[in-house]
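First comes the structure, then the notes that go with it.
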Amino acid sequence: MTGEQVYSLGSKDRPLQVAIVGSGPAGFYAADALLRQKDLTVQIDLYDRLPTPYGLVRFGVAPDHPKIKAVIRVYERIAASRHLRFFGNVKVGSNLSVQELRKHYDQIVYAVGCETDRRLGIPGEDLQGSHTATEFVAWYNSHPDYIERSFDLSHKCAAVVGVGNVAMDVTRILSKDQDELVHTDIAGYALEALRKGQVEEVVILARRGPKQAAFSLNEIKEIGSLKGVDLVVDPKEMELDEASKASGGKQGRQKVEYLTEKSKAGEGSQRRKVRLRFCVSPVEILGENGRVTAVKIEKNELYPDETGDIRSRGTGQYEVLPVGLVFRSIGYQGVPLPGVPFDEKRGVICNQEGRVTDSVSGQIVPNEYAVGWAKRGPTGLIGTNKSDSAATVEKMLEDIEGKSAKVDLEKRPEAVDRMLAGKKLQVVTFEDWKLLDQQEVEAGKRLGKLREKLLTVSAMLKVIEERQ
Ligand code: NAP
C-alpha cells in the first residue's frame, strides 16, 4: 500500500476508523450496528471516562433489578469483537480533546448520555436535605464520583418529586425491607445507611394525574407489592377530568385501574407508607437553619393545550407537607462536551437525526454523530437505544457511501495507541475491566452478594496492577 493509492472507505484496505465516546447502552448498540455491517471493515475505539464500561446499566439500574442488568452479556459479546477496543479511564473533553479525535478517526459518535438533572427552579431547592435523584441513585450504585455523598436518612418522611421510573427506583430503595437488598450489588455503605435510617413515609408528588404518570405499570405494581409497605392513594385524586378520561393508551388505562383499586384500600396497616399524590407541584422547599423541614405544594388543575397534550397549572390552593428530605426526580439533563455543539434548551447535542449540527447555523458538522440520550434527551428504556443507535449508524453509512480515502497513517489504531501513550494515561482495556469484574464478583461472593463494586478509580487501577 502506498500513501497515494485510494481505497473505498470502510474496505479491508482502508477500514473505517470510528471513535465512540461513552460505553453505556447507546454506545454499545452503535458499535454493534457498525460491526454487523457485512460490507464494512470497521475499527472502533470505545472510550469511557471511567475504568468501567456500561454507563447507566452499572450506575443507574437499581440494584434490586438484576434482570435488567443481564443485558451486559450482550455488551460483552460486542466487546469481544477483534474490531473493537475499549479505552476506559480516558475522559474525552479533558484527557483527550475532540480535536484530537477528529485527527485520528473518520467518524466520531457521541454517546455521552445526560449526566446531570433538570432543576425545579423553586426557592429552597439547594437546602441541605434536598437532593437530586441522580445523586442518590449514583450513590447507592457506588459511582466513584458520588461515594462521598451523604444522605441524612434519620427523618421519618421524605418527598420524591416526579413520577418517572427513576422516582420509582428511589422510592423503592428508600422503602424496601433492607433484608431484600442484602444480596444485590448495592453499595455496602448505602445498605448500612438505609438500615440505620428512619424513613417510614415517602410522598411521591406528581404534577399531573394518574393517566399521565410516567412510571411503567410494572414499576408501580412493584411499589404496590413491597413487603411491609402500604401504597396509599387518595380516591379523590383518582377522579379523572374529561380530557384525561378521553386520553391515553392501554398502559394509562391499566395504571388507572390498578391505582383505583389501591385507593380503595385506604391507609392500610403497615408501618411504612408510600403516598402517591396527584395534581400537585412543589412551589417551595421550606427549611430551618439551612435544612429542609417541609415542602409547600400547590394543587394543580389539568387542561389540554393546543396540541391536545394534557398540562397542569396551579390553582392557588396550597398545602405544606412536613418532610426532612426531598429527592428531585424530574428528569436527567445533558452537559456540554467541550468542542461539541450543544443545545442548552433541550440539554442535548445539536443534531439532525443523529448527525451533529452547528449550534448557530444548523449546518451539519461532518463526520460527527450523536446517539442515545445525548441525541434525543433522557427518555426511553435501555432497549430504546438499540433502534436509536442503529438509525444514527444508517446516517453514518449513508455519509461514507461511495467515498474513497487514502491510507492515512494518523487514522490507524497504532497512531491512537501512540497518542494515548504520549499522554501517560492509565488506559483501562476490556481485558483489564474483566479483571475488575472478576474481583468484584469474587468480593461479592465472600459477602453473599451478587457483586461488591470497587469504589474508587485508584482502587480499580490498583487491582488491575496487582492482578495483571
Ligand atoms: P421521566 O420518565 O421523564 O419522568 C420525569 C418525571 O418528572 C415526570 O413525572 C414529569 O412529569 C416530572 N417532572 C418534570 N418536570 C417537572 C417539574 N418541573 N415539576 C414536577 N414534576 C416534573 O424521567 P426519569 O424518571 O428520570 O426516567 C428517565 C428514563 O429512564 C425514562 O424513560 C424511564 O422510563 C427510564 N427508566 C426506566 C427504568 C426501568 O425500566 N426500571 C428505571 C429508571 C429509568 P410530567 O410527566 O408531567 O412531565
Side-chain angles (χ1 to χ4, degrees), residues 24-26 55-71 113-125 130-138 140-141 159-173 203-223 243-244 247-248 251-252 255 276-285 295-305 309-314 326-334 346-348 372-374 376-385 388:
L56 278 183
V57 176
R58 178 175 166 96
F59 294 119
V61 173
D64 58 341
H65 279 174
K67 278 193 192 144
I68 299 183
K69 296 189 205 206
V71 71
C114 289
E115 259 188 67
T116 186
D117 291 73
R118 288 188 195 129
R119 285 187 64 82
L120 275 170
I122 60 170
E125 196 165 0
S130 164
H131 305 280
T132 62
T134 46
E135 277 175 88
F136 187 59
V137 169
Y140 64 62
N141 276 327
V160 173
V161 184
V163 284
N165 284 332
V166 172
M168 297 301 109
D169 286 346
V170 168
T171 301
R172 217 177 48 253
I173 296 298
V203 188
I204 314 177
L205 305 174
R207 64 176 167 182
R208 297 189 289 163
K211 201 72 174 277
Q212 294 81 33
F215 50 65
S216 328
L217 180 63
N218 282 345
E219 304 300 310
I220 191 64
K221 279 188 168 173
E222 207 179 333
I223 300 268
S244 295
S247 74
Q251 266 246 350
K255 286 190 269 190
L276 184 50
R277 297 287 312 267
F278 288 110
C279 290
V280 288
S281 281
V283 289
E284 185 173 357
I285 300 175
V295 56
K296 184 174 172 185
I297 57 173
E298 183 176 14
K299 181 87 194 133
N300 291 332
E301 61 181 9
L302 301 180
Y303 67 98
D305 69 6
D309 277 352
I310 294 175
R311 296 188 175 275
S312 61
R313 63 182 162 217
V326 175
F327 294 96
R328 287 125 48 204
S329 184
I330 61 166
Y332 287 68
Q333 165 98 15
R346 291 188 56 223
V348 297
W373 282 7
R376 65 175 195 276
T379 58
L381 306 178
I382 292 170
T384 313
N385 294 300
D388 174 281

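Counting starts at 1 for both ligands and their atoms, following the listed order. Everything numeric here is computed off the predicted structure, so don't read it as measured data. All residue numbers in this chain count up from 1 along the given sequence.
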- Kindly indicate, with the supporting measurements, whether the criterion ring-ring contact (aromatic ring centres under 6.0 Å, His included) is fulfilled by H131 and F327. CA-CA 5 Å; H131 305 280; F327 294 96; 5.7 Å; yes
- Message: Using side chain to side chain donor-acceptor pair (under 3.5 Å), reason through N300 and R311 one step at a time and then give a plain yes or no.
- Response: CA-CA 9 Å; N300 291 332; R311 296 188 175 275; over 6 Å; no
- So, E301 side chain and S312 main chain: donor-acceptor pair closer than 3.5 Å or not?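 Checking the backbone N and O of S312 against the side chain of E301, no donor-acceptor pair under 3.5 Å is found.
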- Test item: S216 side-chain N/O and E219 main-chain N/O as donor-acceptor pair under 3.5 Å: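 Absent.
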- Contacts of E125 that satisfy salt bridge (Lys or Arg N to Asp or Glu O under 4.0 Å) - sequence neighbours left out: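 Salt bridge (Lys or Arg N to Asp or Glu O under 4.0 Å) list for E125, sorted by chain: R119, R328.
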Tabulate distances under 3.5 Å between N/O atoms of ligand 1 and N/O atoms of the protein, writing both atom names on each line.
{"unit_1": "ligand 1", "atom_1": "9 (O)", "unit_2": "V163", "atom_2": "N", "d": "3.0"}
{"unit_1": "ligand 1", "atom_1": "15 (N)", "unit_2": "R207", "atom_2": "NH2", "d": "3.4"}
{"unit_1": "ligand 1", "atom_1": "25 (O)", "unit_2": "N165", "atom_2": "N", "d": "3.3"}
{"unit_1": "ligand 1", "atom_1": "25 (O)", "unit_2": "V166", "atom_2": "N", "d": "3.1"}
{"unit_1": "ligand 1", "atom_1": "32 (O)", "unit_2": "G380", "atom_2": "N", "d": "2.7"}
{"unit_1": "ligand 1", "atom_1": "32 (O)", "unit_2": "G380", "atom_2": "O", "d": "3.2"}
{"unit_1": "ligand 1", "atom_1": "34 (O)", "unit_2": "N165", "atom_2": "ND2", "d": "2.9"}
{"unit_1": "ligand 1", "atom_1": "41 (N)", "unit_2": "E219", "atom_2": "OE2", "d": "3.3"}
{"unit_1": "ligand 1", "atom_1": "46 (O)", "unit_2": "R208", "atom_2": "NH2", "d": "2.8"}
{"unit_1": "ligand 1", "atom_1": "47 (O)", "unit_2": "R207", "atom_2": "NE", "d": "2.9"}
{"unit_1": "ligand 1", "atom_1": "47 (O)", "unit_2": "R208", "atom_2": "NE", "d": "2.7"}
{"unit_1": "ligand 1", "atom_1": "48 (O)", "unit_2": "R207", "atom_2": "NH2", "d": "2.7"}

- Message: Quick one, S244 with Q212, criterion side chain to side chain donor-acceptor pair (under 3.5 Å). Give me CA distance, side-chain angles, the key distance, then yes/no.
- Response: CA-CA 8 Å; S244 295; Q212 294 81 33; 3.0 Å; yes
